[in-house]
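Right, one structure below, let's go through it.
No hydrogens, no waters, no symmetry mates; every other heavy atom, side chains included, goes into these values. All values reported here derive from a predicted model rather than from experimental measurement.
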Amino acid sequence: MEGVTIREVARFSGDYRPVRIARDPVEGKLYVLATRDPDRSGLAPSVIYRLEPDGDGTFTPVALLQDSEFGAPRALGMAFGPDGTLYVVGNEDVGTTHTRFVIQRGRREGENWVWENVATSEPYLLSHTWFDHRASGIIVSPDGSTLLVNSGSRTDHGEMYGGVREEGLTALILKIPADATNLVLPNDRQALKAGGYVYAEGTRNTFDFAYAQRGSVRAGQCRRPGRQRRTELASRRPALRFPLAHRDEYDADAIRGV
């Protein structure tokens, strides 16, 4: 892009892959979530780093918290609330056939962090393909009251794996009260709707998204019309359904917004 340059300001060594960066609005420092082998089955430990400035425009990553401390293994999502509360989304294998996601909330108390569970999903069936997108992106509403959490599809475009296409907890964006504690999210779409937990459904994998100035949610959506992989920037609105959004029949006009 003309007028834009990119330079390296921090380097992470070892097998951990940075998946999120977020700024603490209270202390102003940058934090990075890094996970080892986030796309594979089995153990995928995660670490939260704080980026300490070196004084020359670069930063040194300092390991701050292990997933054994913040309680969200295979973490793929991290976001700060306006008051400095930190939210992390992880994915926990349940046996060899199922997974569930875990949402944790952390608050600073002096030099320490105190963590508690916001919500845990019921287990749902893995497809054991590259298309197990799992739970990832999380954002906090500007007033700090609501969490939006992406739970990606378990398929590429709605095909059958293990006798199942999508589960009740996959291919949607969830809406969860930020002050919830030990909430259990059922693997049942109608029950989720009845509880007011469905923000949007029919999404393939909204790995990252953000609030716009007027309160709408802007999100990238990988789509496959004609089996050609493209990315759509769309507006997500509450209780909106994107018909077959991650399947071959996908119509881009169905999710474009203002």
Side-chain angles (χ1 to χ4, degrees), residues 17-22 33 35 38-39 72 74-80 87-91 99-103 118-119 121 124 126-127 129-142 146-158 165-176 178 185 187 189 192-193 196-225 228-258:
R17 295 169 53 185
V19 293
R20 300 288 168 184
I21 185 169
L33 171 64
T35 295
D39 298 324
R74 196 189 299 274
L76 296 175
M78 181 180 74
F80 281 98
Y87 299 90
V88 182
V89 179
N91 299 270
T99 186
R100 63 184 174 193
F101 53 85
V102 180
I103 306 168
V118 176
S121 76
Y124 65 86
L126 291 163
S127 68
T129 68
W130 287 108
F131 311 125
D132 277 320
H133 292 107
R134 305 178 190 260
S136 54
I138 180 173
I139 56 176
V140 187
S141 61
T146 304
L147 308 177
L148 297 185
V149 179
N150 169 63
S151 180
S153 66
R154 63 182 296 278
T155 70
D156 185 21
H157 53 282
R165 295 185 186 276
E166 295 298 339
E167 291 267 54
L169 282 164
T170 63
L172 80 167
I173 297 174
L174 292 156
K175 179 178 65 174
I176 300 168
L185 296 167
N187 188 24
R189 186 62 55 88
L192 290 170
K193 288 181 177 180
Y197 301 126
V198 176
Y199 181 83
E201 58 182 332
T203 53
R204 182 175 185 270
N205 187 35
T206 307
F207 188 80
D208 205 3
F209 48 143
Y211 278 95
Q213 287 184 342
R214 296 183 180 179
S216 62
V217 174
R218 302 291 171 165
Q221 173 69 32
C222 182
R223 64 188 184 97
R224 289 173 55 90
Q228 294 179 353
R229 201 175 287 277
R230 298 181 182 179
T231 298
E232 182 78 26
L233 181 63
S235 176
R236 304 288 196 238
R237 283 175 261 175
L240 189 61
R241 174 172 175 78
F242 303 100
L244 303 176
H246 65 290
R247 302 188 189 175
D248 289 341
E249 307 97 306
Y250 168 68
D251 178 2
D253 292 332
I255 70 168
R256 285 200 180 97
V258 178

To check you understand the geometry: which heavy-atom pair defines the closest contact between [X] and [Y], and what is its length?
| X | Y | result |
| --- | --- | --- |
| K175 | T146 | CG-CG2, 3.4 Å |
| V19 | F207 | O-CE2, 4.3 Å |
| T99 | R134 | OG1-NH1, 3.3 Å |
| T35 | R74 | CG2-CA, 4.2 Å |
| M78 | I138 | N-CG2, 3.5 Å |
| F131 | S127 | C-OG, 4.4 Å |

Atom pair [atom1]/[atom2] of [X] and [Y] - distance to nearest 0.5 Å:
| X | Y | atom1 | atom2 | value |
| --- | --- | --- | --- | --- |
| I176 | L148 | CD1 | CG | 9.0 Å |
| K193 | L172 | NZ | CG | 9.5 Å |
| T170 | R204 | OG1 | CZ | 12.5 Å |

Are V89 and L147 close enough, and set up right, to give a side-chain contact (heavy atoms from CB on, under 4.5 Å), and what steps lead you there? CA-CA 11 Å; V89 179; L147 308 177; over 6 Å; no

Return yes if some donor-acceptor pair links the side-chain N/O of [X] with the main-chain N/O of [Y] below 3.5 Å, else return no.
| X | Y | result |
| --- | --- | --- |
| D132 | L126 | no |
| R154 | R165 | yes |
| S151 | L169 | yes |

Charged N to carboxylate O below 4.0 Å: is that the case for R189 and E166? no

Steps toward side-chain contact (heavy atoms from CB on, under 4.5 Å) verdict (F209, I173): CA-CA 11 Å; F209 48 143; I173 297 174; 4.1 Å; yes

Residues two or more places apart in sequence or in another chain: which of them pass ring pair (Phe, Tyr, Trp, His ring centres under 6.0 Å) with F80? Y31

Are L174 and F101 close enough, and set up right, to give a side-chain contact (heavy atoms from CB on, under 4.5 Å), and what steps lead you there? CA-CA 12 Å; L174 292 156; F101 53 85; 3.4 Å; yes

Where do R20 and S136 land on the side-chain contact (heavy atoms from CB on, under 4.5 Å) test, with the steps shown first? CA-CA 10 Å; R20 300 288 168 184; S136 54; 3.8 Å; yes

